[in-house]
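Notes to accompany the following structure.
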Amino acid sequence: MSRERLSAVDVIRTKRDGHRLSDDQIDWVVDAYTRGVVADEQMSALAMAIFLNGMDTAEAARLTQAMIDSGETLDLKVDRPTVDKHSTGGVGDKITLPLAPLVAACGAAVPQLSGRGLGHTGGTLDKLESIPGWRAQLSTDEIEQQLQTVGAVVCAATEGLAPADKKLYALRDVTSTVESIPLIASSIMSKKIAEGASSLVLDVKVGSGAFMKSLAQARSLAEALVGIGKSHGRNVTAMLTDMSVPLGRAVGNANEVAESVEVLQGGGPQDVVELTVALAAEMLSLAGISTDPRRVLASGEAYETWCRMISAQGGDPTAPLPKAAHVHVVSATKDGVLTHLDAYSVGVAAWRLGAGRARKEDAVQHAAGITILAKPGDLVRVGDPLLELHTDTPDAVPSALDALFGGYDIGDEARAPRKLLIDTIR
Ligand code: URA
């Protein structure tokens with residue numbers, strides 16, 4: 001058996017005592033963990049030491065590189081500039097669905113390798129799988145071909161991308177070390193850089209429905225993400241956006257697809273349109289394309305690209321979407337103004353109705369979710385419907401109602417409207 005160059009115990013001690021890890025220590029520990037030489041308990045101790053003592057930008061960038069090097073990287077051969085978007089996750093966040101075809105219709109190539117939902121935030125693949133026939137799994141050749149012909153691909157990440165991150169993320173999940181800025185930033189960026197897009201816009205969500213509840217935390221994460229991206233030679237921008245209220249009026253899977261189609265056909269809720277156009281403008285600017293996304297959205301070209309994107313992956317863009325067997329309406333109990341609708345409460349309620357999964361291997365109900373009939377600032381009268389809860393399993397309704405308890409308020413005066421686009425970090 002060959003002897004290892006370094007020892008896990010020394011690497012853990014270095015970080016435990018508050019020192020920087022050297023490049024060599026980082027490279028070795030990630031590689032040895034991927035090979036199974038460093039044990040889970042040792043990596044857990046190191047993750048906790050990083051959680052407690054942090055990492056500087058150079059250490060986080062090296063950790064990102066080591067996780068990229070643990071697997072394959074996509075070298076996309078496409079004629080157009082490639083640009084991607086990543087959201088840190090929110091409630092009703094279906095923006096990838098209208099955004100990818102819009103940016104492609106403006107002339108860029110958008111390789112959007114996405115995930116499934118876990119917990120109260122939804123997953124893009126779960127939403128798209130509510131379209132009859134649509135297929136998430138594509139080979140690298142299929143991704144390249146679709147980027148050439150359609151310009152946009154939304155599909156599952158290939159298995160071999162950043163395997164060290166997969167292992168480490170699963171470990172962090174069970175050792176209470178998820179919420180560490182250098183660990184989150186290196187985890188996200190290792191996958192995004194391995195995917196090969198030359199430019200990247202990060203939508204860093206802030207508020208109750210997001211990972212980062214406070215603006216200060218979200219700003220630190222955004223700065224770490226941009227710092228890592230730049231040190232890897234990518235054009236990266238992070239936009240801080242509000243996630244204290246759900247985005248749009250649909251939270252779930254099939255209903256979020258339907259709302260995205262409304263946006264692509266020139267309608268849809270104003271906040272979804274505003275965020276889609278803002279992210280598209282930033283992506284196009286990074287890609288060096290001067291086309292106006294608002295004009296392309298209005299022209300119907302983005303909708304045509306959506307239809308081609310869905311068809312290319314076996315889906316029927318005109319097929320009816322699934323509908324839930326049971327609908328429960330939550331009504332206003334008094335007259336007034338809806339002052340508040342909490343994103344986290346709505347996300348958890350939709351998840352309990354069956355729109356999300358508790359364990360990776362669970363199936364989602366494509367038709368489950370929530371339709372929001374009143375948003376903060378709307379005047380309501382007693383008996384008016386506020387929310388529709390959709391599910392195939394009516395037994396789930398009481399626990400969804402528990403999640404919504406205290407999650408909305410009717411008062412006398414509207415609160416100041418929230419600002420959706422909070423800041424941009426370049
Ligand atoms: N998303 C990721 O991919 N990794 C994290 O650590 C957190 C969110």
Side-chain angles (χ1 to χ4, degrees), residues 86-97 112-131 134 136 154-157 166 169-170 172-174 178-179 184 187-188 203 205 207-213 243-260 272 321-328 330 341-372 387-408:
H86 177 82
S87 158
T88 56
V91 177
D93 184 4
K94 71 280 295 170
I95 301 295
T96 293
L97 275 50
Q112 178 82 56
L113 275 54
S114 301
R116 293 177 196 283
L118 192 64
H120 75 278
T121 63
T124 301
L125 302 181
D126 296 325
K127 300 178 211 263
L128 285 167
E129 278 174 346
S130 55
I131 302 174
W134 188 84
V154 183
C155 66
K166 280 200 188 76
Y169 189 83
R172 288 166 55 212
D173 213 15
V174 293
V178 170
E179 302 91 340
I184 296 175
S187 166
I188 292 173
D203 181 2
K205 303 270 179 220
S208 75
F211 234 137
M212 298 285 136
K213 311 288 181 204
M243 187 30 73
S244 55
V245 175
L247 263 174
R249 292 184 176 273
V251 178
N253 295 302
N255 61 350
E256 293 202 31
V257 171
E259 186 168 274
S260 304
V272 179
L321 292 166
K323 292 240 182 290
H326 183 84
V327 181
H328 177 95
V330 176
L341 180 64
D342 179 58
Y344 181 71
S345 307
V346 175
V348 173
W351 174 51
R352 291 186 181 172
L353 290 167
R357 54 170 70 76
R359 291 168 309 156
K360 276 206 197 69
E361 49 286 359
D362 294 347
V364 300
Q365 289 179 30
H366 288 122
I370 295 185
T371 306
I372 298 167
L387 302 166
E388 272 175 13
L389 315 188
H390 298 252
T391 184
D392 293 330
T393 44
D395 291 359
V397 169
S399 68
L401 292 172
D402 285 348
L404 288 168
F405 185 77
Y408 59 93

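Positions are given from 1 along the sequence.
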Is the side chain of [X] donor-acceptor paired with the backbone N or O of [Y] at a distance under 3.5 Å, no angle test?
| X | Y | answer |
| --- | --- | --- |
| N253 | E129 | no |
| T393 | D395 | no |
| R357 | A363 | no |

With the threshold set at 4.0 Å, does a side-chain nitrogen-carboxylate oxygen contact exist between D402 and R352?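 Salt bridge: no.
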Residues K94 and E259 bridged, charged N to O under 4.0 Å: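 So K94 pairs with E259 through a salt bridge.
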Can you check whether [X] reaches [Y] side chain to side chain, under 4.5 Å on heavy atoms?
| X | Y | answer |
| --- | --- | --- |
| H326 | V397 | yes |
| L404 | L389 | yes |
| Y169 | I184 | no |
| T371 | L387 | no |
| S87 | T96 | no |
| I188 | H86 | yes |
| M243 | V91 | yes |
| K127 | S260 | no |

Pairing residues for [X] by the salt bridge (Lys or Arg N to Asp or Glu O under 4.0 Å) criterion, not counting sequence neighbours:
| X | result |
| --- | --- |
| D203 | K205 |
| E388 | none |
| D362 | R359 |

Gap separating the [atom1] atom of [X] from the [atom2] atom of [Y], nearest 0.5 angstrom:
| X | Y | atom1 | atom2 | result |
| --- | --- | --- | --- | --- |
| E179 | R172 | CD | CZ | 8.5 Å |
| T124 | I95 | OG1 | CD1 | 10.5 Å |
| S345 | F405 | OG | CZ | 11.0 Å |
| I370 | N255 | CD1 | CG | 9.0 Å |

Which atom names give the shortest non-hydrogen contact between [X] and [Y], and what distance separates them?
| X | Y | answer |
| --- | --- | --- |
| D392 | Q365 | N-OE1, 2.8 Å |
| A355 | G252 | CB-CA, 4.0 Å |
| A350 | G369 | CB-CA, 4.4 Å |
| C155 | L125 | C-CD2, 3.7 Å |
| V251 | E256 | CA-OE2, 3.4 Å |
| A367 | A324 | CB-N, 3.3 Å |

Worked verdict on V346 versus Y408 for side-chain contact (heavy atoms from CB on, under 4.5 Å): CA-CA 9 Å; V346 175; Y408 59 93; over 6 Å; no
Partners meeting side-chain contact (heavy atoms from CB on, under 4.5 Å) with A258 (sequence neighbours left out):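 Per chain and number, A258 pairs via side-chain contact (heavy atoms from CB on, under 4.5 Å) with L321.
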Looking at residues at least two apart in the chain, or sitting in another chain, which of them share a side-chain hydrogen bond (donor to acceptor under 3.5 Å, both in side chains) with S208?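 If we apply the side-chain hydrogen bond (donor to acceptor under 3.5 Å, both in side chains) test to S208, skipping adjacent residues, the hits are D342.
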For Y344, the ring pair (Phe, Tyr, Trp, His ring centres under 6.0 Å) test, sequence neighbours excluded, returns H120
